[in-house]
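This report concerns only the one structure given below.
Throughout, residue positions are numbered sequentially from 1 according to the sequence presented. Source: prediction; values computed, not measured.
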Amino acid sequence: MKKTYLLGLAGLALLFVSCNDMLDVTPRDKFTNDPAFWNDQNRVLNYTNTMYSNNFSGYGQGIDDPYFSSLSDDQADPDFNNWTFTSVPGSSGYWSDPYTEIRRCNYLLDNMESSTIADASKIRFCAIARLMRARNYFLLVKRYGDVQWQDHTITDVNDEIIKGPRNDRDYVMDKVLEDLDYAIANIGSGDKASWSKDLALAMKSDICLYEGTYCKYRTQADNGKGPDNARAQKYLNECVNASQELMNGGYELTKNYGEIYNSTNLKNNKEIIFYRNYEKDMLGHSTVDYTSGSTAQRGITKDAIDAFLFLDGKPLATTSMDKSDKPERVPYYMIGLDGKIVKTEDGRDSIRVDSKKNPLWVYSMEQPFSVRDKRLSVIVDKFLAFKGYGHARTWLAEMTSSTGYTIGKYYTTAMGASPQEQLTYCNEIGKGYTDAPIYYLSRVLLNYAEAKAELGNATQADLDKSVNLLQVRAGLPGMTLNPEADPANNVGVSSLIWEIRRARRCELMTDGFRYWDLVRWHMLDKLDTNKNPDIRRGANLSDVPDCEVDLDGGYAIPYTATRTYDKKYYFYPIPAGQINASQEGTTQNPGW
């Protein structure tokens, strides 16, 4: 029997012994490619399960995963986040991994044509494969721009596509839309942790919003192609339609923001469209640990804090409410598993002490946060945590953050009925078992509102059934079609688009989308630390005596390095190995 590996376009090198960049990853599985395999429904089902596990990492530690995607203006890594690439790599998983998955999809699609399994099953398997092919081509396009499109498995080393030029990114994205629509029409129903039409609709909502706005704001000088308003409108309308179908699909927002991020069971959560399930002592993750343990956190920036509206619905520049961002020095109380202050035997609040029995202190942001968007107090702990003034949740290790602002939205007491369980499941690598939300209603509502605003046909009713549901949950006044102008809006968009973008930033903070939002809005220069110093500043520590943290204007800074914008960063560099292997076919992206 012939053995072959699922390696992406140039995985053929294992068969033909040639050099190619797509071989920079070890094959993750292998199978016997013969009719018996494709005629066995259970084996094909297991094959699609591999697609599931490889594509939906949930609470992983990758570049686009929640918390860990800290190359943005929302977070500052203590070790400094420079651009993903500052020079051309010889090889890269960002290029080869999607092609591995595309090849996997094409194997299934090619072989379903002759498979003897039932037609209904064949159609569903093909829908799954085309959905995953769409996802992986989208990843390639947003990273690299033009890429080679292939809709069949390459089995001949001399196939012209291997050494041919990259296809225009617009052509590839049109193919992605075709795959999405096929999946929506044919994938069928499923629960919230498996393949379903609603999963495909949610993916389409996201991808079409990206494509519509990217094509509206791109420039010839920076992106190689100028704006295409007709194309933008087409994709924005596709986003609206997909979002509308989900909005009418029986989903509801949870009562409290944050519930979907720290639950051990999302199965029956009405806000969830699709999630990754984790199980205690069987399959775990580390996101809770990294945001609760002693490793310095990738803290929230001053720029991000300043984005949150005040409870009067106004931004920092125009509010009449207390704008102070200085913390208050308060006693460092012992907190129990129930989140309440532990009492001493005589009924007093228990204060932590040092080795000499001296009371310890901590710095609280409770008052500054109390007049802001309620989401802020969920995303960020009310106590600052920085060198010399750590803070521990209940029985966990003492935390510090690169900016002083620690992230609290992933923490839960549900994984610990005792101090030992808290330490095990909240403070050890790979032990967390809170479920990971992947697609959820709040994202769809934001997509809908933004697409309607970008199309220029939003109505008050559109806002009220989308973004204003999130405003109400955040304790804010509803948004109108003509919001008050924010002096911080210096990017040439309407006040409505500006406020919807703000709502998206605050709702999805640390969820892994901010970097690519800046790309599609043509705002990547926002990550230049010289022009935007607040993206590397944190908490106001100007009143902290003998502060051990480096300060800039009284604000904590995690690093002194700088990040300078260049238009070439709108695309990743094509790996050198890929260019060498394709000879004259694949050219390098501009500026690299």
Side-chain angles (χ1 to χ4, degrees), residues 28-29 45-69 93 97-98 100-101 104-105 127-129 131-132 134-136 138-139 183 187-207 246 249 251 254 257-292 407 409-412 414-415 425-426 428-444 507-513 516:
R28 285 171 282 189
D29 61 81
L45 179 63
N46 288 334
Y47 188 89
T48 60
N49 288 341
T50 299
M51 295 181 188
Y52 181 97
S53 59
N54 287 350
N55 284 275
F56 301 116
S57 59
Y59 281 142
Q61 297 180 39
I63 190 171
D64 294 330
D65 290 328
Y67 172 70
F68 293 97
S69 57
D97 284 359
T100 297
E101 295 306 310
R104 195 187 313 277
C105 295
I128 291 169
L131 181 66
M132 291 299 93
R135 178 186 184 275
N136 282 282
F138 172 62
L139 293 177
I187 204 166
S189 60
D191 63 38
K192 294 183 178 184
S194 65
W195 312 104
S196 71
K197 177 182 178 180
D198 284 1
L199 165 60
L201 282 167
M203 196 177 295
K204 180 178 178 178
S205 172
D206 270 10
I207 291 174
L246 288 168
Y251 297 99
T254 59
Y257 174 79
E259 287 182 10
I260 67 171
Y261 300 104
N262 51 40
S263 171
T264 57
N265 186 355
L266 288 177
K267 181 178 180 180
N268 297 317
N269 188 296
K270 291 185 177 181
E271 186 169 342
I272 294 297
I273 298 169
F274 179 74
Y275 74 100
R276 180 71 185 264
N277 177 242
Y278 292 89
E279 292 293 337
K280 182 177 180 180
D281 298 326
M282 293 178 61
L283 178 66
H285 61 79
S286 303
T287 301
V288 178
D289 170 66
Y290 274 97
T291 57
S292 296
I407 298 171
K409 69 188 284 185
Y410 304 109
Y411 172 71
T412 178
M415 292 192 299
Y425 296 109
C426 294
E428 286 190 19
I429 295 289
K431 288 289 189 178
Y433 58 94
T434 47
D435 288 342
I438 297 178
Y439 289 102
Y440 32 102
L441 181 60
S442 58
R443 281 172 63 180
V444 173
E507 180 75 24
L508 304 180
M509 192 166 288
T510 76
D511 285 12
F513 308 113
W516 296 109

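- In this structure, a donor-acceptor pair under 3.5 Å is absent between the side chains of Ser286 and Asp289.
- Annotation: side chain of Tyr278 is not in contact with side chain of Leu266 (no heavy-atom distance under 4.5 Å).
- Counting heavy atoms from C-beta on, the side chains of Tyr52 and Arg276 come closer than 4.5 Å.
- Annotation for Lys280 and Tyr425: closest pair CE-OH, 3.2 Å, computed over non-hydrogen atoms.
- Under the 4.5 Å side-chain criterion, counting only non-hydrogen atoms from C-beta, Cys426 is in contact with Tyr411.
- When every heavy atom of Gly58 is checked against every heavy atom of Pro66, the shortest pair comes out as O-CD, 3.7 Å.
- Of the N and O atoms on the side chains of Tyr261 and Asp511, at least one donor lies less than 3.5 Å from an acceptor on the other residue.
- At least one side-chain heavy atom of Ile273 sits under 4.5 Å from a side-chain heavy atom of Tyr251.
- Contacts of Tyr439 classified as ring-ring contact (aromatic ring centres under 6.0 Å, His included), with partners at least two apart in sequence or in another chain: none.
- To the nearest 0.5 Å, atom CG of residue Asp435 and atom CG of residue Asn262 are 11.0 Å apart.
- Between Gly93 and Pro98, the closest heavy-atom pair is O-CD, 3.5 Å.
- The minimum heavy-atom distance linking Met51 with Arg104 is given by the pair CG-CD, 3.7 Å.
- Between Thr434 and Met415 the shortest heavy-atom distance is N-SD, 3.9 Å.
- In the model, Asn55 has a side-chain atom that pairs as donor or acceptor with a side-chain atom of Glu101 under 3.5 Å.
- Rounding to the nearest 0.5 Å gives a distance of 7.0 Å between CG of Asn269 and CD1 of Ile260.
- Side-chain contact of Tyr410 with Thr510: a donor-acceptor pair under 3.5 Å is present, judged by distance alone.
- Distance check: Asn277 CG to Leu283 CG gives 7.5 Å after rounding to the nearest 0.5 Å.
- By the 4.5 Å heavy-atom criterion applied to side chains, Trp195 and Met132 are counted as neighbours.
- His285 and Ser57 share no side-chain donor-acceptor pair at under 3.5 Å.
- Looking at Val288 and Thr412, their side chains never come closer than 4.5 Å, going by heavy atoms from C-beta outward.
- Atom CG of Leu508 sits about 5.5 Å away from atom OG of Ser442, to the nearest 0.5 Å.
- Atoms CZ and CD1, from Phe56 and Ile438 in turn, are 6.5 Å apart once rounded to the nearest 0.5 Å.
- Heavy atoms of other residues, nucleotides or ligands lying less than 6.0 angstrom from NZ of Lys431 number 12 at most.
- For the pair Tyr433 and Thr264, the tightest heavy-atom approach, listed with the atom from each and the gap, is CE1-CG2, 3.8 Å.
- Taking the side chain as every heavy atom from C-beta outward, Asp198 and Leu246 approach each other to under 4.5 Å.
- A heavy-atom distance below 4.5 Å is found between the side chains of Ile429 and Tyr290.
- Side-chain N/O atoms of Tyr275 and Asn265 include no donor and acceptor closer than 3.5 Å.
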* Asked: Which is it for Ile187 and Leu199 under the side chain to side chain contact (heavy atoms under 4.5 Å, CB included) test, yes or no, and what are the steps along the way?
  -> CA-CA 9 Å; Ile187 204 166; Leu199 165 60; 5.7 Å; no
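- To the nearest 0.5 Å, atom CZ of residue Phe68 and atom CD of residue Gln61 are 4.0 Å apart.
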